[in-house]
Protein chains: 2
Amino acid sequence: MHHRKPTIEDVAREAGVSRATASRAMNNMPGSSARTRALVAQVAQTLGYRPDPAARALASGRQMAIDLVVINYEPDLVWIGGHPYFGRVIAGMTTALAGTDVQLRIHVASLDKAGELIDAVARTTAGAVLVNVTSDLAVRFWRQCPHVVSLNTPAPMVPLVASDNTGGAYTALAHLHRIGARRIAAIHGPSINACATSRRHGHRDLIEDAGMPDLSANGAFTREGGYRAAARLLEQHPDIDGMFVASDLMAAGAVQAITAIGRKIPDDVAVIGFDDSIAATCANPPLSTIALPVEEMAATATRALLDGDLAPTWLSNFPVRLITRQSTDAAALC
Amino acid sequence: MHHRKPTIEDVAREAGVSRATASRAMNNMPGSSARTRALVAQVAQTLGYRPDPAARALASGRQMAIDLVVINYEPDLVWIGGHPYFGRVIAGMTTALAGTDVQLRIHVASLDKAGELIDAVARTTAGAVLVNVTSDLAVRFWRQCPHVVSLNTPAPMVPLVASDNTGGAYTALAHLHRIGARRIAAIHGPSINACATSRRHGHRDLIEDAGMPDLSANGAFTREGGYRAAARLLEQHPDIDGMFVASDLMAAGAVQAITAIGRKIPDDVAVIGFDDSIAATCANPPLSTIALPVEEMAATATRALLDGDLAPTWLSNFPVRLITRQSTDAAALC
DNA sequence: CGTAGAAGAGAGAGCGCTTCCGCTCCTATA
DNA sequence: TATAGGAGCGGAAGCGCTCTCTCTTCTACG
């Protein structure tokens with residue numbers, strides 16, 4: 001037994017055939033008899049042979065990989081696990097990649113190591129999707145590797161797949177207004193986040209159009225952030241009858257804060273979230289929200305990468321959709 | 001301008017140096033002057049040169065990748081996005097991989113394509129973590145590539161990283177019993193799922209020990225499943241004063257069903273979930289639950305793969321932890 | 001002025017695999 | 001029986017890169 005891991009050469013020698021034949025046999029290619037095929041398979045098995053993916057990729061010229069790069073602003077990596085968004089992105093990319101032999105690789109880094117990661121991935125990737133990557137880092141990536149798409153975060157020159165966050169926020173607030181809410185509070189996300197900023201704009205647009213006061217608070221995109229912000233707002237403005245929350249996770253917290261002080265949802269306070277993530281359906285009552293086609297967006301980005309048709313300023317504004325549940329409509333089904 | 005993508009050869013020629021020099025310069029290796037380094041970088045830039053990862057991996061012998069294989073039993077791939085578990089697994093693996101130059105690749109397939117995927121990945125991987133992969137498929141994988149760890153699903157011979165699901169369920173039910181619940185209903189997960197089965201055992205153990213009746217229902221691991229099962233149970237057994245639900249996602253649905261008919265949580269019915277996923281904190285009131293160290297388990301599995309110390313029957317039983325929130329303790333902080 | 005030593009650059013041998021090309025041999029057909 | 005066609009296999013040329021070894025040149029010191 002050698003120490004070195006067996007190569008196809010070893011298999012061929014042991015089976016008494018040529019490398020070419022061994023390769024054909026193991027890959028079930030035409031031009032190899034069932035007999036040899038079995039023999040080679042047998043030898044490979046006993047030798048514990050595993051083809052080297054790198055060598056195979058190099059020789060055959062196929063086998064690409066697309067990279068998903070996620071920057072994590074929170075101190076704890078666990079955040080990734082707690083956030084429903086990434087799973088949806090992965091699901092979308094996986095769908096687009098199904099059937100191709102392109103692999104999906106995941107890279108996550110905290111903000112302080114983001115630069116390193118960006119450079120490392122950009123050097124070697126055949127194409128990448130950027131999630132949560134700030135504008136400047138996205139540009140840095142693009143300069144090293146133009147084969148990249150940013151998800152939801154615009155950056156100069158970098159191809160972008162985005163959804164209509166501004167319009168979504170406007171729609172959400174319009175819905176609250178339509179069902180009669182006039183004292184509508186808003187909880188925004190961190191301004192470092194491009195989506196949060198767009199949603200803020202949608203909010204501003206509607207309250208201007210409807211002539212309503214600006215009752216805003218800010219928080220991190222977490223349940224706790226939503227809870228605290230909502231509690232504070234309710235204290236400052238006891239007459240609030242509607243609440244727009246820029247993320248379902250925060251909205252779930254807001255719902256808890258509202259019921260904790262004995263207000264009824266939606267009768268006393270109607271609440272609407274954003275994202276249509278799992279947090280929206282798990283909240284109690286379930287949250288009306290704005291659905292983003294995250295999977296579809298991720299799939300589109302991936303397909304663009306595969307096809308290579310990335311116009312320099314290519315941009316795609318995915319439409320969002322209002323979902324009505326019990327947090328704004330008591331009669332909605334559960 | 002050639003059609004073919006530029007190789008290091010092209011860069012070297014264009015820069016008037018040898019391949020070796022170009023390689024050294026671009027990889028910032030010692031033995032190359034700042035002058036050449038700049039020149040080569042410049043040429044590479046204008047040529048749009050991107051090193052071929054496969055060739056590089058082959059030549060250098062480094063660059064591994066670890067694969068995460070997920071089988072999706074639900075009809076819709078979106079499920080992956082909706083389920084908090086996978087994000088946590090990825091977070092754990094990422095943590096373990098940080099600092100190494102080992103890549104993380106993700107593979108997802110539906111049940112009907114699972115066999116193909118298993119074979120394809122097993123043929124080429126340097127090591128894999130199996131999530132949600134049934135026992136027989138895990139064995140099939142292991143036979144082709146013993147460098148594998150199954151997460152939470154035991155399979156003969158396949159190295160396993162599991163948590164104490166049975167003990168967790170017992171603990172959860174004991175907690176309900178301790179706070180005074182005597183008519184405790186249970187909602188179990190699908191029996192195809194190994195975790196669900198273990199939790200079922202924990203439930204059976206406790207109701208036997210405590211001499212309580214078996215008020216059980218089954219459902220898929222979804223919010224809807226939990227909602228329906230809880231509604232049914234409450235109708236059949238109006239005197240229920242506690243509910244053990246085998247997953248937080250289902251428990252979030254159960255909470256909605258309970259409050260929908262006007263019962264108070266935890267005063268009328270105390271509820272406890274399982275997983276400590278995001279669904280637990282988003283529920284209203286927030287759910288007491290059993291926390292699984294999913295990230296830690298995934299990290300352990302990954303490290304084992306990296307180190308290569310996989311004893312054939314290696315097994316690790318991670319302890320679970322009771323988390324108390326308002327669904328069993330009205331006084332708990334939010 | 002002579003020589004040791006270091007530093008920079010080039011030649012070339014692989015890494016492990018796929019695949020094109022051509023050879024042999026076996027079978028079916030005239 | 002002669003021969004075309006095809007199936008099965010081996011030889012060998014790479015795929016694009018890294019890295020060791022060798023050679024050249026340049027600096028520094030006696």
Side-chain angles (χ1 to χ4, degrees), chain A residues 2-44 47-65 101 103 120 123-126 145, chain B residues 2-44 47-65 101 103 120 123-126 145:
Chain A
H2 276 52
H3 189 67
R4 198 172 51 76
K5 71 178 251 192
T7 72
I8 198 174
E9 184 78 56
D10 302 319
V11 175
R13 190 176 344 95
E14 200 72 16
V17 298
S18 71
R19 267 212 315 284
T21 303
S23 172
R24 265 180 305 235
M26 291 192 290
N27 293 317
N28 295 317
M29 307 213 79
S32 116
S33 62
R35 198 190 168 66
T36 358
R37 210 167 287 197
L39 172 63
V40 169
Q42 156 68 20
V43 172
L47 249 49
Y49 167 73
R50 339 221 56 248
D52 180 327
R56 171 184 289 213
L58 179 57
S60 65
R62 326 187 195 94
Q63 192 94 349
M64 297 197 340
D101 56 353
Q103 312 259 8
R123 282 183 55 72
T124 67
T125 188
C145 169
Chain B
H2 276 52
H3 188 67
R4 199 171 51 76
K5 69 177 253 194
T7 71
I8 199 174
E9 185 79 57
D10 302 320
V11 175
R13 189 175 346 93
E14 199 73 15
V17 299
S18 71
R19 267 212 318 282
T21 303
S23 173
R24 253 169 302 194
M26 290 192 292
N27 293 318
N28 295 317
M29 308 212 79
S32 123
S33 62
R35 197 191 169 66
T36 359
R37 208 168 288 197
L39 172 63
V40 169
Q42 156 67 20
V43 172
L47 249 49
Y49 167 73
R50 340 222 54 249
D52 180 327
R56 171 184 290 215
L58 179 58
S60 65
R62 327 187 192 95
Q63 190 95 352
M64 296 198 341
D101 56 353
Q103 312 259 9
R123 282 185 55 73
T124 65
T125 188
C145 169

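Scanning all heavy atoms of the two residues, the minimum distance from B/Ala22 to B/Ile8 falls at CB-CG1, 4.1 Å. Pairing each heavy atom of A/Thr36 with each of A/Thr21, the nearest pair is CG2-CG2, 4.0 Å. Smallest separation of non-hydrogen atoms from B/Pro6 and B/Gly48: CG-O, 3.8 Å. Considering all non-hydrogen atoms of both residues, B/Ala55 and A/Leu58 come closest at CB-CD1, 3.6 Å.
Atom CZ of residue B/Arg13 and atom OG of residue B/Ser18 lie 13.0 Å apart, to the nearest 0.5 angstrom. From A/Glu14, atom CD reaches atom CG of A/Leu39 across 10.0 Å, with rounding to the nearest 0.5 Å.
Protein atom CZ of B/Arg35 is 19 Å distant from nucleotide atom P of C/dA7, rounded to whole Å. For B/Arg37 and C/dG8, the CZ to C1' distance is 11 Å, given to the nearest whole Å. Spacing between atom CG of B/Leu39 and atom C1' of C/dA9 amounts to 13 Å, rounded to whole angstrom units. Separating the CG atom of A/Asp10 from the P atom of C/dC15 is a distance of 11 Å, rounded to the nearest angstrom. Taking atom CG of residue A/Asp52 and atom P of nucleotide D/dG16, one finds them 17 Å apart after rounding to whole Å.
A donor-acceptor pair is defined here as one N or O able to donate and one able to accept, closer than 3.5 Å; such a pair exists between the side chain of A/Arg50 and the backbone of B/Thr125. Not a single donor-acceptor pair under 3.5 Å links the side chain of A/Asn27 to the backbone N or O of A/Met29. A donor-acceptor contact shorter than 3.5 Å links the side chain of A/Arg37 to the backbone of A/Ser32.
An angle of 40°, rounded to 10°, separates the two end axes of the helix from C/dC1-D/dG30 to C/dA30-D/dT1, each defined over five pairs.
Distance from the side chain of B/Ser33 is smallest to C/dG8 among C/dC17, D/dG10, C/dG8.
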Which protein N or O atoms sit under 3.5 Å from an N or O of nucleotides 18-20 of chain C?
residue: C/dT18; atom: OP1; partner: A/Asn27; partner atom: ND2; Å: 3.1
residue: C/dT18; atom: OP1; partner: A/Arg56; partner atom: NE; Å: 3.3
residue: C/dT18; atom: OP2; partner: A/Ser23; partner atom: OG; Å: 2.7
residue: C/dT19; atom: OP1; partner: A/Arg62; partner atom: NH2; Å: 2.8

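Phosphate proximity of C/dG16 to A/Thr7: absent, as no side-chain N or O sits under 4.0 Å from OP1 or OP2. Here A/Thr36 does not reach the OP1 or OP2 of D/dG8: none of its side-chain N or O atoms lies under 4.0 Å away.
In terms of position on DNA chain C, the residue among B/Leu58 and B/Val17 whose nearest nucleotide sits closer to the 5' end is B/Val17.
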